[in-house]
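We name chains A, B, ... by the order of the sequence lines, and we start the count at 1 in each one. Quick caveat, the model's predicted, so the values are computed rather than measured.
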Amino acid sequence: MAATSGARSPAAVGGSPPQEIQELDETVVATVLRDLRNVAGKLRLVLLPTGSPEQTLKELRNWDLWGPLLLCLVLSLSLSFGAPAGQVSLVFSGVFVLMWAGAAVVTLNAQLLGGSVSFFQSVCVLGYCLFPLVIAAVAGLLIRNGVVRSVLVVAGWVWATRASVVFMQSLLPPSKRALAIYPVGLFYLVWAWMVYVE
Amino acid sequence: MAQAGASPFEDDVQVSGEIGDEQTSWNNIICKSSRPSVAFFTVAFRFAALILYLLNGFVGMDYVTLFVVTVLLLACDFWTIKNVSGRLLVGLRWGTRVTETGQTEWYFLTHPERAGNAKPADSRIFWLSLFLAPLLWLLLGVAALLSFSLDWLVLCSFALALTGTNTYGYYKCSAAARQRLQQALADSAIKAAVGGGGGSAFGTALISSMFGSSGAQPASGGAAAAAAPAATAARGSPAPGQAVTSKPGKAFEGDATGLGDDDAGGFVHSSEGGDGVPSRNPFDDDVAV
């Protein structure tokens with residue numbers, strides 16, 4: 001599938017950036033790699049926020065939902081492994097629903113407080129920031145020592161909340177920030193508790 | 001390939017018969033497509049997910065495994081249809097991007113050559129699978145709701161969200177493409193009328209054939225039911241995207257010089273502002289694109 005653009009050179013109407021023009025003719029492999037790089041980049045940003053906060057925010061604003069889906073699947077699987085036999089399917093679907101509904105509720109809360117946040121951007125950020133807790137959950141499957149697990153879970157919670165607060169902070173005026181950040185912390189606290197109890 | 005002598009790459013092959021016709025099976029259609037592998041994957045992932053869900057009794061997977069496999073199949077399907085099938089089969093692509101103010105806007109692209117000239121087999125496969133799958137998942141979701149199995153309801157609503165988003169994106173994209181085409185035809189019709197002769201008749205004939213043609217389409221009541229709330233009076237055909245590509249396909253080739261002069265086939269770039277909050281009616285045709 002070579003990139004051909006035909007006899008007429010495509011003229012962009014309305015000044016669209018050239019990236020989209022290339023999108024129509026790129027190879028399948030290029031598309032896959034582009035999406036993979038997006039996801040990997042965001043995951044790395046959540047773990048190790050390098051660069052200025054503005055840069056991080058800009059990167060996180062190009063939302064995609066593949067990362068949260070992947071994280072959701074991994075978290076659901078790892079939590080359902082530890083569940084008692086009769087409740088496996090309940091835990092699995094419960095985690096799924098909790099993740100998306102919880103992210104939606106936290107986003108709605110931020111929106112209703114008057115923040116100018118796009119729904120999908122916020123859900124994307126909340127999903128990606130779950131990454132430290134997912135690591136804690138997977139590690140918790142292997143490590144049975146209670147103390148180590150609680151340390152891991154607390155570290156995961158702090159990390160996740162801190163990463164998402166960077167994003168949420170930018171959306172609202174200082175007077176309302178605490179009101180928006182509190183549900184985020186609570187959201188991750190619920191996850192941390194579920195990971196610990198697993 | 002049951003029909004001897006019909007090379008799948010021959011441009012003059014007319015796909016005769018409708019989907020229900022015993023001569024025409026999915027195999028034949030996929031072979032007649034200009035890109036059989038793309039057409040195959042367009043159909044394969046979504047119907048594999050559906051079949052896996054429906055035949056779970058025979059396959060005997062437990063809930064978690066089935067859920068994970070279905071979600072992965074649906075994710076592959078979403079990615080394939082969004083990034084590969086639309087581009088290569090019908091020359092359309094939709095996407096979202098974030099503006100400077102932080103709002104999400106949808107953009108719609110049309111390939112200058114492929115958009116108006118999709119082969120009938122390609123467009124049939126594409127639009128049928130695009131409209132059938134969300135409809136089936138909706139029915140399955142209602143069945144799950146009525147039987148109070150919330151586990152399956154979660155899976156069905158997730159499937160509906162994924163397949164429905166693709167359908168919505170491509171529907172909007174084809175609406176945008178059709179609007180541009182109408183514009184181009186109107187412009188060229190005006191030009192021809194001013195220049196004299198039967199050009200205007202040809203132009204208006206094209207426009208009316210675009211919206212009036214339903215002969216080549218299968219009587220898919222399901223697709224009609226899904227699209228009926230969406231279709232305004234002007235768009236009479238049950239599967240709007242097909243109207244662009246099925247009958248007048250040849251006519252566009254003949255008129256290519258007219259379109260080329262206006263450079264109306266150039267990259268269409270239309271977008272609608274606002275972020276994709278579902279409170280907006282997705283089939284509101286009056287949204288300015």
Which portion of Leu65(A) sits near chain B, non-hydrogen atoms under 4.5 angstrom | neither
Would you say the ring centroid of Tyr168(B) lies under 6.0 angstrom from that of Trp94(B)?
-> no
Considering only heavy atoms, which portion of Thr96(B) lies under 4.5 Å from any heavy atom of chain A: side chain, backbone, both, or neither?
-> side chain
Quick one: which of Val88(A), Leu90(A), Leu69(A), Asp64(A) has the most heavy-atom pairs under 4.5 Å with chain B, could you say?
-> Leu69(A)
Gap separating the NZ atom of Lys42(A) from the CH2 atom of Trp66(A), nearest 0.5 angstrom | 12.5 Å
Considering only heavy atoms, which portion of Leu150(B) lies under 4.5 Å from any heavy atom of chain A: side chain, backbone, both, or neither?
-> neither
Of the backbone (N, CA, C, O) and the side chain (C-beta and beyond), which part of Leu77(A) lies under 4.5 Å from a heavy atom of chain B, both, or neither?
-> side chain
So which part of Val91(A) gets closer than 4.5 Å to some heavy atom of chain B, the side chain, the backbone, both or neither?
-> neither
Trp79(B) side chain to Asp35(A) side chain, donor-acceptor N/O pair below 3.5 angstrom = yes
Which word best sums up how the rings of Phe92(A) and Phe96(A) line up, parallel for under 30°, tilted for 30 to 60°, or perpendicular for over 60°?
-> parallel
Trp152(B)/Tyr63(B) aromatic ring centres below 6.0 Å | yes
